[in-house]
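Inspection log for the structure reproduced underneath, given as structure tokens.
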Amino acid sequence: PEDLILIHYQGRFFDRELKPIEPAVPKGGGRIILALSPEISVKEALDIRAQVKTQNLIVSTLGERWLKTLRSMPNVDK
């Protein structure tokens, strides 16, 4: 099964193509890689992690390229 990248930024979830996605039960059967902003607190990270209903989860931080792209997207910070 293929891994799924799930990006969380400014309160919203996106897939690897930066399309909005619901995190509740990601499909695919592979691992879920949850990428978070390095600027959030541990409590926020745990709260976000709790929204993803899977045991097979890897938590990572977004790199500068991802952050730059997300910041340039219209309506993401709203």
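Here, residue 1 is the first one in the sequence, and each next residue gets the next number.
- Legend: residues meeting side chain to side chain donor-acceptor pair (under 3.5 Å) with Gln55, ordered by chain and number and at least two apart, are absent.
- With sequence neighbours left out, the side chain to side chain donor-acceptor pair (under 3.5 Å) criterion links Lys19 to Glu17.
- In this structure the side chain of Trp66 reaches within 4.5 angstrom of the side chain of Leu18, judged on heavy atoms.
- Of the inter-residue distances, the one linking Leu70 atom CG with Leu62 atom CG reads 6.0 Å to the nearest 0.5 angstrom.
- You'll find the side chain of Gln51 reaches within 4.5 Å of the side chain of Phe13, heavy atoms only.
- Each of Leu34, Ile48, Ile33 was scored for a side chain to side chain contact (heavy atoms under 4.5 Å, CB included) with Leu6, with one residue passing: Leu34.
- The shortest heavy-atom contact between Phe14 and Tyr9 is CE1-O, 4.0 Å.
- Within the structure, side-chain hydrogen bond (donor to acceptor under 3.5 Å, both in side chains) pairs that include any residue of residues 34-50 comprise Glu39-Arg71, Ser41-Glu44, Lys43-Asp47 (at least two apart or interchain).
- Applying the side chain to side chain donor-acceptor pair (under 3.5 Å) criterion to Asp3, with sequence neighbours excluded, gives Arg31.
- Here the closest non-hydrogen pair linking Val52 and Ile32 is CG1-CG2, 4.3 Å.
- Annotation: side chain to side chain donor-acceptor pair (under 3.5 Å) contacts of Arg16 (sequence neighbours excluded): none.
- Here the side chains of Val59 and Leu36 are in contact, with some heavy-atom distance below 4.5 Å.
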